[in-house]
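Encoded as structure tokens, the structure appears first; notes follow it.
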2 protein chains.
Amino acid sequence: MKPVHAAPPTGRATLADIARESGMSRSTVSRALAGNGYVSPVKKQLILATAERLGYRVSTLARALRTQRSMTLGVLVADITNPLFPAIVKGIDEVVSAAGYTLFLCNTDEKSRRQQTLIRSLLDRQVDGLIMVSQTLSAESRKLLFPGPPCVFVNRRPARLSADYIGPDNLQAIALLLGHLHGLGHRRIAFIAGPSHSSTARERKDAYLAQMSRLGCAVPKGYLIEGDYQASSGRRAAERLLNCVPRPSAVLAANDFVALEVINALNAHGLSVPGDISVCGFDDAFGVHFTALASLQAKGLTTVTQPKRELGQAAARAMLMRLDQPQTAVCQTLLPVGLQIRDTSGEPAEMATSG
Amino acid sequence: MKPVHAAPPTGRATLADIARESGMSRSTVSRALAGNGYVSPVKKQLILATAERLGYRVSTLARALRTQRSMTLGVLVADITNPLFPAIVKGIDEVVSAAGYTLFLCNTDEKSRRQQTLIRSLLDRQVDGLIMVSQTLSAESRKLLFPGPPCVFVNRRPARLSADYIGPDNLQAIALLLGHLHGLGHRRIAFIAGPSHSSTARERKDAYLAQMSRLGCAVPKGYLIEGDYQASSGRRAAERLLNCVPRPSAVLAANDFVALEVINALNAHGLSVPGDISVCGFDDAFGVHFTALASLQAKGLTTVTQPKRELGQAAARAMLMRLDQPQTAVCQTLLPVGLQIRDTSGEPAEMATSG
DNA sequence: TTGTAGGCGTTATCAA
DNA sequence: TTGATAACGCCTACAA
């Protein structure tokens, strides 16, 4: 009786089961359960009751195959253990899960091979959209993505490509930092940039040069160093900065990890922070922790706070909007950042002694 | 010519397209691409080339519907912004993504309603398995899960239920902490437990009572307090402990957040740590950060380190094993923890002054 | 070794 | 308002 060509059975009740039990057709049952199309109230009641009784659960898979909408989104992050990213992912999740989407979360580890593989896998899974958090898009990845489902970029944006983008206001961030240091009396301010493949890093570097010039501060040879966001690059940069003539009185680091390692290196050379040199970070990666750690008399790092959760929420909203109306103009949003002044920035040594 | 009842077309090439282009049947194409079943080398070449030319990508959705295996896993965590969880998720991801699985990651926020909703949604998506990280299973969730796809529990385990479980060795953890404090001379040691619905919290509480008794230390009324893992419970607990007679000389907190807040409260009452009272945490939530922060002369919190990544990896391996062989005996693994002695634990005040 | 012929569970079209 | 029917894209038992 049973067909011979059967796939392994699910064990779950299906529309057909409900149809049989309630004596109606699958179409009617489908309409009743999905809530679209006409179905008489009395039959609807019966169908819902039967579904309940049989413990019916829809197969999102089958629905997705039929409707060509999976109600899933892919999220790529560089490294979920970097405190910056969970906060962003949480913001995304809050917004899209309320809209019925579920997230595939993937780690790229900053590897372009892995990025490619993951994008391919997500496309094979027919995600309705992709959110790329701090991803530098490789040429291959780009080919995979365009044409393709909607894609929203957070933090980093792809070069020469008009796409939805949500990021921090890097110009403001640098202006805040330099304004703070300049106000304290610093004129010799060095900058450890992020890797040049990162659009965020490039924007900050350009902003640094522009603002320094606006403030009338020279940028001597050696003051601008390219690092890679890793703590280790902080150590190398610090060594080089100590050999600069004149020696900088303040250093902006690409992020907080780098900043802490710079401080370590300076201490190792017998220099105190901020007594001899001020150091500022970026991201406020340890935000909550610094506050919590106040109890341990920790010094706090002066740094820029990113609106992490809001970045995620905005990206999610941009995605939902794009899914709803694919043809609207791309949105590019910059969110304001904050300056968190703590204990690693102070007056330059010459002023402190002379004043 | 085209059938009237067409669903919105994918736009992507399908097996049928390749079959037509290469002049073979869909089955042969399927066998060639999926790599199972026989197909002559020469035809296989042709098929692969055609697939390449047409930019063919498999539809994981269709495959999943047909094979009843989605190659996806669901992961539930309480709060992805708690540093403990990303590390565990990363461990899981490393292992399962190598095996071809993709993760749905969901935040429950410790809300049982949300836990239920998410489990339902993941089951609707036909995940092949579920990994529950630090989840207290509500009665409704339990009904949803059993019978159901394999489920592996990390950190917390469901009561009265034999299921795959990976967790830290809580008995060892408490023994390490109490051994450390006892060795320093402490006898009056209080314990701020986690919420009793958490199996981990219960295990630690029981271990505390057992070890204290083994060490011959009394546990006066008021020394054992139930908190909720939130920092705020640390403050409340500290207030109550200060009223205990005799006052404890050391406090074990449910986790690092609680521990820091206890220290804050003690400081607010003019007591120093560890001078007047020693305080220990749990989880090493700030692990990397404390190390990095060494440069800022932060005091470090004495705490228990969890093998976070390893917990994730072990859970993932347990899941893969279970998927491969559903009938084998459940595995329950305890991973060893470490004791990280830093600056918040020291000799009790009476010894320091008398010695 | 290859092709035929369903069917996985759903939705959508059309006719009744 | 309802039901028959055909897809969505893939896999697979069986026949050839």
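Here the structure is a predicted model, which is why all the values come from computation and not from measurement. Side chains included, hydrogens not; waters and symmetry mates left out as well; all remaining heavy atoms used. First the proteins, then the strands, lettered A, B, ... as listed; each starts at 1.
In this structure, B:Arg69 places its CZ atom 11 Å from P of D:dT12, rounding to the nearest Å. Atoms OH (A:Tyr38) and C1' (C:dT13) sit 15 Å apart, rounded to a whole Å. Atom CD of B:Gln68 and atom C1' of C:dT10 are 12 Å apart (whole Å). The distance between atom CG of A:Leu61 and atom C1' of C:dC8, rounded to the nearest whole Å, is 9 Å. Rounded to whole Å, the distance from CG on B:Leu15 to P on C:dT4 is 15 Å. One atom, CZ of B:Arg26, and another, P of D:dA13, lie 16 Å apart when rounded to the nearest Å. Rounded to whole angstrom, the span from the CG atom of A:Leu65 across to the C1' atom of C:dC8 amounts to 9 Å. Atoms CE (B:Met24) and P (C:dT4) sit 11 Å apart, rounded to a whole Å.
You won't find any donor-acceptor pair under 3.5 Å spanning the side chain of B:Thr28 and the base of C:dT1, going by distance alone. Under 3.5 Å, the side chain of A:Arg31 and the base of D:dG3 form at least one donor-acceptor pair of N or O atoms. Not a single donor-acceptor pair, N or O on each side, falls under 3.5 Å between the base of C:dT10 and the side chain of A:Arg63.
When each of D:dG9, C:dT10, D:dC10 is scored by its nearest atom to the side-chain atoms of B:Val58, the top-ranked nucleotide is D:dC10.
When the side-chain hydrogen bond (donor to acceptor under 3.5 Å, both in side chains) test is applied to B:Thr200, no partner is found at least two apart in sequence or on another chain.
Side-chain N/O atoms of A:Ser30 and A:Ser27 include no donor and acceptor closer than 3.5 Å. Checked by atom type, the side-chain pair B:Gln126/A:Ser59 shows a donor-acceptor distance below 3.5 Å.
Two residues are said to be in side-chain contact when any heavy atoms from C-beta on lie closer than 4.5 Å; A:Ile18 and A:Leu33 meet this criterion.
Backbone-only engagement by A:Ser59 is indicated by non-hydrogen atom pairs under 4.0 Å involving sugar-phosphate atoms exclusively. Residue contacts shown for B:Ser40 are limited to sugar-phosphate atoms, with no base heavy atom under 4.0 Å away.
Ion pairing between B:Arg12 and B:Asp17 fails under the 4.0 Å rule for side-chain N and carboxylate O.
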